[in-house]
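Below is one structure; the comments refer to it alone.
Quick caveat: nothing in here was measured; it's all calculated off a predicted structure.
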Amino acid sequence: MTSQPAEPALRVGRVLKVHGLDGAVRVESLTDFPDRFRKGAQLDAAGRRLTIAAAVPGDGVLIVRFAEIADRTAASALQGAYLTVPLEDARTLPADRFYHFQLVGLQVVKAQTGEPLGRVAEVLEYPANDVLRVTAGAAEVLVPMVRGIVQSIDLERGRIVVDLLEEE
């Protein structure tokens, strides 16, 4: 039996842990669009579609209850799961803003020489700024996503031009 690959999805949140006894969970929001967590919105998690019954802010996270989750035991199955929407539901971002999935796989080249550094393997999130993890074979370079370093991102050409300080 062969398993089909999961459909690509946009992560909008992550379930951190259970909250209380009624099936509520603490959720880290991963979206710039808070209405993703409005009452009635549908999200996918752990292989199932869930409908938000309520979501309220609480200590830097959201306390979310889903209509389909009735108790603490059912909620605990969601712990660690990402809350997602289909990629076709991705919203248009302002100019010079990109979803992480758009950057993964792009070729990264040096601004000075045009020499390739590798391809974006993943985008790491940090409080100050995101960082591109660029790999070329066994080599790895971390590139901060700041204007002084990232000169341009061209999705159509599939490349990112960076200006890195050369090591002496």
inquiry  = Applying a strict under-4.5 Å side-chain criterion to I, L, V, M, F, W and Y, I'd like to know whether V15 and I63 cluster together.
reply    = no
**OP:** Might you work through the side chain to side chain donor-acceptor pair (under 3.5 Å) test for Q42 and T51, ending with a clear yes or no?
**Re:** CA-CA 4 Å; Q42 293 192 323; T51 306; 3.3 Å; yes
For residues 150-162, the side-chain hydrogen bond (donor to acceptor under 3.5 Å, both in side chains) pairs (sequence neighbours left out) are none
Query raised in the report: Side-chain heavy atoms under 4.5 angstrom apart, residues restricted to Ile, Leu, Val, Met, Phe, Trp, Tyr: same cluster for F98 and V146?
Result: yes
For R48, the side chain to side chain contact (heavy atoms under 4.5 Å, CB included) test, sequence neighbours excluded, returns L50, E68, I69
Going by chain and number, the hydrophobic cluster around L142 (ILVMFWY, side chain to side chain under 4.5 Å) further includes L124, Y126, V131
Q.
Can you confirm whether R49 is buried at CZ, in the sense that more than 12 heavy atoms of other residues, nucleotides or ligands lie under 6.0 Å from that atom?
A. yes
Rounded to the nearest 0.5 angstrom, the CG-CZ distance for L43 and R36 is 8.5 Å
Note: with side-chain heavy atoms under 4.5 Å as the link, the other cluster members for V161 come out as V109
The single option from V27, D44, T31, D32 that satisfies side-chain contact (heavy atoms from CB on, under 4.5 Å) with V12 is T31
Residue pairs meeting side-chain hydrogen bond (donor to acceptor under 3.5 Å, both in side chains), one or both in residues 85-96, sequence neighbours left out, come to D35-R91
The side chain to side chain donor-acceptor pair (under 3.5 Å) partners of E125 (sequence neighbours excluded) come to none
Residues A55 and F37: closest non-hydrogen pair is CB-O, 3.3 Å
